[in-house]
Amino acid sequence: MEKRVRVRFAPSPTGGLHMGGVRTALFNYLFAKKHGGDFILRIEDTDQNRFVEGAEQYIIDALTWCGIQPNEGVGFGDGPYAPYRQSERKETGIYKKYADQLIAAGHAYYAFDTSEELDEMRKRLEAAKVVAPQYNSVTRQNMRNSLTLGEDEVKRLLESNAPYVVRLKVPRNEEIRFQDIIRGWVVVNSSQVDDKVLLKSDGMPTYHLAHIVDDIEMKISHAVRGEEWLPSAPAHILIYRYLGLENEMPQLAHLPLILNPDGHGKISKREARFPVFPLSWQDPREHTPYGGYKEAGYYPEAFVNILALLGWNPGNNKELMSVDEMATLFEFERVSKSGAKFDPEKAKWFNQQYLKAKTDAELAGSFRPLLKEKGYEPNESFLKEYCRLVKEKVQFVNDFWAQGRFIFETPEKLDEAVLTKKWKETSAATYTLVLEKFKALHTWDIPTVTACFHEAETANGGKIDMQVLRVLVTGASGGPQLFDTLALMGKDKVVARLESGLALVLTNFEK
RNA sequence: GGCCCGUUCGUCUAGGGGUUAGGACGCGUCCCUUUCACGGACGAAACACGGGUUCGAUUCCCGUACGGGCUACCA
């Protein structure tokens, strides 16, 4: 019988959770949802030196904003396997228990080397032209560990509380093979694997031991993580094997990395000219916060949609999908092996698609607070109409203000390029005519304004350039649907703008 | 350097021994439009290279190049 799908997202609280981490969480979430399984948040805080205040809460907040909440784990309700923080689990002695088991079985050993001694060893090896200095089956013979020291000495050191680590005893030359759901068979020789530290001298487990113990204890069925873990997977296989748990170990899936759009390497928060964090992140050790997708105006649905298609695709040419749709389609077999460069331009397009799907009322709701910051609080119907007009032109609600700002505030200057090109000697008379026609109106709505403009054209004896009218009223060469905009602005404002616009042109353009 | 992983339009990708190599973003042209968009149509644009295997390779194998990851008592 297949075991119940239980997957975990297991970040360490060493900083803000960036988009690569979110995607890993997302794939876990989709997989769990598809199979009706569990999605767990486990906090891997075994490195006390790298602990960052606020990071854990950030992870919880970010997942929540993205709508990919775990159903078990830190911040989301303890299930039957609590605690879900490794620092707390360590207190139960669970990691030491497994480490002791490995030692008893002869697959792990105590090592008493100081960091100075380790440095010395590496230097020595480098001097001897050893290409990859590592603590392994060969070098451990010259180090201070329970394999070289003799039983009595080891016992004495242990009893005298000498600091030690527990290392995995990796065999010298053994082929280690494992199957990755995404990559197929991967084969590595154990000579390439070093004697990994399992238990650190502060008593904390390393990632290598901790995640295995927890995955087993928490009955994790699939370990889904980034490609950066692929090189250490062989060591993990060995640990499972020596624990007698190779048959119970989770299936492995190593996700391709998200790469920088330009340049090279993993996506990085420093060089990116686009957000890499879902929510803005203030690192307590730094001065300036990093902006987030939320603050940039992205909808969480759009953000998640973008991420899902970075390395995965449903194979049906469909790109816009809800999380539910993605979940029904998701499978690791359709996750690609190669890294994906993130394309910020396409990300914007995604958001635009979601934006266009919103109702004017929804948009008004999200734009109202932004507009209030600028000092304007129009009534609901005005705001909805405003949103209707500007939404076709932007990708973010954040752009709504800039797009229609002229409605609230008189532009300081008019678009010169348009005027230079289109303003003629007769223009002053033409647009004065339009002004007079507008002034004479008693009702003011879209059809009336439109009809009035056409009447002006008739009276003028020919077409009147709408773009020039636009510039006179709004200052800009482009903007929302012109007559609709004029209708929304109201007669008084349009007339006043037209007057001031004409005055401005006459002083600056008429020679 | 060593080890591991990867390589289809600029980017995200589909496909897979015989295809006009498909879609999307972006880009260009046109249509719609007396403005601005949206929308629509069309177009330019890819199988890294070299050897095999095969009647036939973009697809399978090997090598090379290139890219990425790892190489800590970090995860």
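Basis for what follows: all heavy atoms, side chains included, without hydrogens, waters or symmetry-related copies. Letters go in sequence order (proteins before strands), and every chain restarts at 1. Computed from a prediction, not measured in an experiment: that's the story for all the values here.
Between rA46(B) and rA41(B), the distance separating the two P atoms is 23 Å to the nearest Å. Nucleotides rU7(B) and rC49(B), compared at atom C1', are 12 Å apart to the nearest Å. rG26(B) and rG43(B) have their C1' atoms separated by 14 Å, given to the nearest Å. Nucleotides rG15(B) and rC32(B) have their C1' atoms positioned 35 Å apart, rounded to a whole Å.
Atoms CG (L307(A)) and C1' (rC12(B)) sit 13 Å apart, rounded to a whole Å. Rounded to an integer number of Å, the gap from K346(A) NZ to rC27(B) C1' is 14 Å.
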Below 3.5 Å between N/O atoms, which protein atoms pair up with nucleotides 70-75 of chain B? Just atom names and distances, please.
| residue | atom | partner | partner atom | Å |
| --- | --- | --- | --- | --- |
| rC70(B) | OP1 | K266(A) | NZ | 3.2 |
| rC73(B) | OP2 | R167(A) | NH2 | 3.3 |
| rC73(B) | O2 | S201(A) | N | 2.7 |
| rC73(B) | O2 | S201(A) | OG | 2.8 |
| rC73(B) | N3 | S201(A) | OG | 2.9 |
| rC73(B) | N4 | D113(A) | O | 3.1 |
| rC74(B) | OP2 | K200(A) | NZ | 3.2 |
| rC74(B) | O2' | D47(A) | OD2 | 3.0 |
| rC74(B) | O2' | R50(A) | NE | 3.2 |
| rC74(B) | O2' | R50(A) | NH2 | 3.3 |
| rC74(B) | O2 | R50(A) | NH1 | 3.4 |
| rC74(B) | O2 | R50(A) | NH2 | 3.2 |
| rA75(B) | OP1 | T46(A) | OG1 | 2.8 |
| rA75(B) | OP1 | K200(A) | NZ | 2.7 |
| rA75(B) | OP2 | Y207(A) | N | 3.3 |
| rA75(B) | O3' | E44(A) | OE1 | 3.4 |
| rA75(B) | O2' | S12(A) | OG | 2.7 |

If you restrict it to nitrogen or oxygen atoms, what contacts under 3.5 Å exist between nucleotides 39-50 of chain B and the protein, and what is each distance?
| residue | atom | partner | partner atom | Å |
| --- | --- | --- | --- | --- |
| rG39(B) | OP1 | K356(A) | NZ | 2.9 |

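Contact annotation: K341(A) reaches the phosphate of rU11(B) (side-chain N/O to OP1 or OP2, under 4.0 Å). Dashed line: the shortest gap from a side-chain N or O of R334(A) to OP1 or OP2 of rG15(B) is under 4.0 Å. Within the structure, every side-chain polar atom (N or O) of N317(A) is placed at least 4.0 Å from both OP1 and OP2 of rA14(B).
A search for salt bridge (Lys or Arg N to Asp or Glu O under 4.0 Å) contacts involving R177(A) returns E175(A), not counting sequence neighbours. By the ring-ring contact (aromatic ring centres under 6.0 Å, His included) test, W401(A) pairs with Y376(A), F408(A), sequence neighbours left out. In this structure K346(A) satisfies the salt bridge (Lys or Arg N to Asp or Glu O under 4.0 Å) test together with E319(A), sequence neighbours excluded. In terms of the salt bridge (Lys or Arg N to Asp or Glu O under 4.0 Å) criterion, residue partners of E117(A) (sequence neighbours excluded) are, by chain and number, R144(A). In this structure, the salt bridge (Lys or Arg N to Asp or Glu O under 4.0 Å) partners of R42(A), at least two apart in sequence or on a different chain, are E44(A), D214(A), D215(A).
Among pairs with a residue in residues 10-19 of chain A, none fulfils side-chain hydrogen bond (donor to acceptor under 3.5 Å, both in side chains), at least two apart in sequence or across chains. Every pair passing side-chain hydrogen bond (donor to acceptor under 3.5 Å, both in side chains) that includes a residue from residues 49-60 of chain A is listed here, sequence neighbours excluded: E56(A)-R85(A), Q57(A)-D61(A).
As judged by a 4.0 angstrom heavy-atom cut-off over every strand, L469(A) is placed among residues making no nucleic acid contact. If you check every strand for non-hydrogen atoms under 4.0 Å, S191(A) touches nothing.
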